[in-house]
Amino acid sequence: MNTKVSEDLAHIKEMMERSSRFISLSGLSGIGAGIVGLIAGFVAMYWTSGSEMPIEKVRMSVGAGILVQNLILLGTFALILAVFCGCFFTIRKSQKLGLQVWTSTTKKVLIQLAIPLAVGGIFVLALLQYSLYGLIAGTTLIFYGLALINAEKYTFSDIKYLGILEIILGCLSLFFIGKGLIFWTIGFGVLHIIYGIILHRKYK
Amino acid sequence: MSIISGLNKNFESRVRLGMMSVLMVNDWVDFTEMKSLLQVTDGNLASHSASLEKNEYIEVKKEFVGKKPRTSYRITEKGKKAFQEHLAFLEKMMRQ
């Protein structure tokens with residue numbers, strides 16, 4: 001009798017979890033996105049190392065326009081690739097678990113993520129408009145962190161801690177203008193990889 | 001054995017128990033999503049949901065999305081109460 005009761009309780013808990021949280025999020029998604037971030041960060045550092053001044057202060061120098069343009073392209077490309085990695089491994093995991101990918105929970109997670117990200121994106125466009133390049137790295141980290149914390153209630157609550165770390169890193173970087181790329185690479189590269197590994201081990 | 005009588009017979013089936021658990025933490029859930037969550041067949045889900053509906057534990061909505069019919073479920077107040085009582089009973093039995 002007792003085993004039946006404990007099995008029933010476990011079943012109730014599992015069904016509640018399964019139906020209200022997006023549990024297909026794969027650790028490999030984090031690792032994939034992290035590797036993309038790391039490579040993009042290093043490429044950007046390599047490109048900017050040639051100039052005398054850090055990227056944040058180059059706006060007056062000749063040729064800066066092209067450099068900035070290339071960095072924007074690099075960033076956009078990295079973003080697309082990282083999102084692709086994220087989706088790929090997560091869809092694969094949900095197929096393995098025999099779960100539908102497109103459910104009401106998926107929609108909720110995406111909406112919660114999208115709100116801070118969209119606002120952050122517009123904010124970054126404004127920074128670009130006024131050539132305030134120094135604040136971009138920190139801003140992207142902060143809004144990304146806010147998005148993670150926002151989506152936490154519909155997926156693994158662990159992503160909240162990643163969100164907090166991203167925000168701390170972003171805030172710090174605002175006060176170290178000129179070192180933005182280093183913070184950016186740690187936040188989007190290193191943290192993602194570490195987090196992906198932890199998540200992957202925990203929810204295999 | 002008096003304690004057993006406190007258990008709700010309607011929730012003896014895993015499928016019904018699962019359906020109620022899902023509906024406790026969600027608003028409307030449609031047939032396809034429920035089926036994939038519980039990993040049961042169409043017929044199985046249909047018969048269990050019919051029995052829960054008969055007991056007024058859940059409410060069933062049938063509508064058309066374009067040309068496709070869609071069935072969704074939602075828990076009723078009565079269902080919520082019954083489930084909570086059942087859950088409390090299970091927990092009590094675990095502690096003994």
Side-chain angles (χ1 to χ4, degrees), chain A residues 1-26 29 87-115 149-160 203-204, chain B residues 1-41 45 48-49 52 58 61 65 70 72-75 79-80 82-96:
Chain A
M1 191 67 209
N2 236 358
T3 40
K4 166 92 168 84
V5 171
S6 69
E7 273 171 26
D8 274 1
L9 283 170
H11 185 62
I12 291 170
K13 191 167 171 252
E14 200 208 323
M15 291 329 290
M16 286 183 168
E17 285 267 331
R18 221 172 209 257
S19 63
S20 61
R21 283 175 187 268
F22 184 72
I23 56 165
S24 304
L25 186 65
S26 168
S29 293
C87 293
F88 177 78
F89 289 112
T90 293
I91 290 170
R92 209 181 62 163
K93 188 177 168 191
S94 70
Q95 279 165 350
K96 259 189 207 163
L97 292 172
L99 289 173
Q100 272 187 305
V101 182
W102 193 246
T103 63
S104 49
T105 321
T106 315
K107 280 175 228 166
K108 278 182 210 155
V109 170
L110 290 180
I111 291 167
Q112 296 304 316
L113 281 174
I115 297 168
I149 293 174
N150 211 29
E152 170 262 340
K153 53 187 173 294
Y154 297 117
T155 182
F156 296 123
S157 50
D158 311 61
I159 68 161
K160 172 175 59 188
Y203 300 103
K204 223 194 301 187
Chain B
M1 294 297 277
S2 63
I3 194 164
I4 310 275
S5 61
L7 284 173
N8 195 325
K9 282 264 188 289
N10 285 299
F11 303 142
E12 251 172 28
S13 137
R14 270 292 146 80
V15 179
R16 267 171 274 169
L17 190 69
M19 264 192 97
M20 294 301 282
S21 311
V22 170
L23 295 174
M24 278 299 281
V25 290
N26 288 282
D27 202 24
W28 290 102
V29 176
D30 70 26
F31 189 88
T32 337
E33 200 170 333
M34 187 64 89
K35 205 179 76 176
S36 119
L37 282 165
L38 302 175
Q39 298 182 321
V40 290
T41 60
L45 180 57
H48 284 296
S49 62
L52 286 175
I58 61 168
K61 180 174 73 178
V65 180
R70 188 171 74 174
S72 318
Y73 307 104
R74 182 166 72 171
I75 199 163
K80 245 181 219 172
F83 186 83
Q84 274 159 353
E85 276 166 13
H86 182 73
L87 188 60
F89 230 92
L90 290 178
E91 278 166 348
K92 201 168 147 197
M93 283 176 74
M94 273 309 282
R95 267 182 260 119
Q96 277 173 352

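In what follows, every chain begins at residue 1, and chains take the letters A, B, ... in the order their sequences are listed.
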Residues A/K4 and B/R14: closest non-hydrogen pair is O-NH2, 4.1 Å

Under a 4.5 Å heavy-atom criterion, the part of residues 28-36 of chain B in contact with chain A comprises B/T32, B/E33, B/S36

Ranking A/H11, A/E14, A/E7 by heavy-atom pairs under 4.5 Å to chain B gives rank one to A/H11

From the list B/E91, B/K92, B/M94, side chain to side chain contact (heavy atoms under 4.5 Å, CB included) partner of A/V5 resolves to B/M94

Scored by heavy-atom pairs under 4.5 Å with chain A, the best of B/L87, B/L90, B/L38, B/D27 is B/L90

Q. Are any non-hydrogen side-chain atoms of B/F11 and A/D8 less than 4.5 angstrom apart?
A. no

Between A/M16 and the options B/N26, B/V25, B/L23, B/V22, the side chain to side chain contact (heavy atoms under 4.5 Å, CB included) test singles out B/V25

Those residues at least two apart in sequence (or on a different chain) that pass salt bridge (Lys or Arg N to Asp or Glu O under 4.0 Å) with A/K13 are none

query = Within a radius of less than 6.0 Å around NZ of B/K80, do more than 12 heavy atoms belonging to other residues, nucleotides or ligands occur?
reply = no

For A/Y203, the ring-ring contact (aromatic ring centres under 6.0 Å, His included) test, sequence neighbours excluded, returns A/F156

Residues passing the salt bridge (Lys or Arg N to Asp or Glu O under 4.0 Å) test with B/R16, sequence neighbours excluded, are none

Taking every heavy atom of A/M15 against every heavy atom of B/L37, the minimum-distance pair comes out as CE-O, 3.1 Å

